[in-house]
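To start, the structure itself, in structure tokens.
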Amino acid sequence: MIEQTLVLIKPDGVLRGIIGNIITRFENAGLKIVASKMQWIDKDFSKKHYSEHLEKAFYSGLETYITAGPVMAMVLEGNDVIEVVRKMVGSTEPKTALPGTIRGDYAHISTKHANENKKSVCNLIHASSNIQDASREIMLWFDPRDMYTYKRSGDEWME
Ligand code: CDP
Ligand code: MG
């Protein structure tokens with residue numbers, strides 16, 4: 001089923017200058033970028049994006065991490081894209097993320113964000129985890145007028 005998912009290249013990915021490497025993986029996999037923008041979010045916006053984690057012990061570290069610089073936000077579209085992108089991203093903790101995944105290949109050098117005792121797992125990238133989260137997150141980040149429908153060469157091979 002053709003779906004859409006929200007992907008964020010988090011501040012460590014932007015500050016390390018590896019936006020291009022990450023986007024190339026999605027393009028090579030045949031996924032379509034239907035919206036994108038850079039945005040430096042504030043604490044209020046972080047609380048909306050990560051609403052499911054507000055009560056967690058790691059939330060304050062996560063908030064410091066996600067607001068530490070701009071993020072590159074995008075909406076990707078493709079067959080079963082939510083599950084496919086989660087697989088490409090790899091597991092949350094970089095040291096257990098498999099080689100070949102984005103976190104497994106790039107995130108080992110930035111596993112902790114310095115914030116006194118409240119450290120966050122810095123893992124380069126966010127991807128929506130299910131269809132409900134994807135639709136909520138896409139609505140939070142993007143105006144429908146800034147999302148585009150277009151044909152990519154190769155679309156003729158898709159059902
Ligand atoms: O991003 P993902 O869906 O893989 O993980 P999550 O469980 O939804 O957590 C969101 C983010 O919070 C993670 O990507 C980490 O950056 C951070 N986190 C953390 O700092 N410490 C944890 N124990 C779990 C998550
Ligand atoms: Mg998550």
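Basis for what follows: all heavy atoms, side chains included, without hydrogens, waters or symmetry-related copies. One-based numbering, in listed order, for ligands and for the atoms of each.
Around CD of E77, the count of heavy atoms belonging to other residues, nucleotides or ligands within 6.0 Å exceeds 12.
For the pair T149 and V34, the minimum side-chain heavy-atom distance is 4.5 Å or more.
Within 4.0 Å of ligand 1, contacts by protein heavy atoms are made from K10, Y50, H53, F58, L62, Y65, R86, T92, R103, S120, V121, N123.
Residues M147 and A35 come closest through the heavy atom pair CG-CB, 3.7 Å.
A salt bridge links D105 with R25: at least one charged nitrogen is closer than 4.0 Å to a carboxylate oxygen.
Sequence neighbours left out, the pairs with a member in residues 27-41 that pass side-chain hydrogen bond (donor to acceptor under 3.5 Å, both in side chains) are K32-D155, K37-Q39.
Side-chain N or O atoms of D80 include none that pairs as donor or acceptor with a backbone N or O of E83 at under 3.5 Å.
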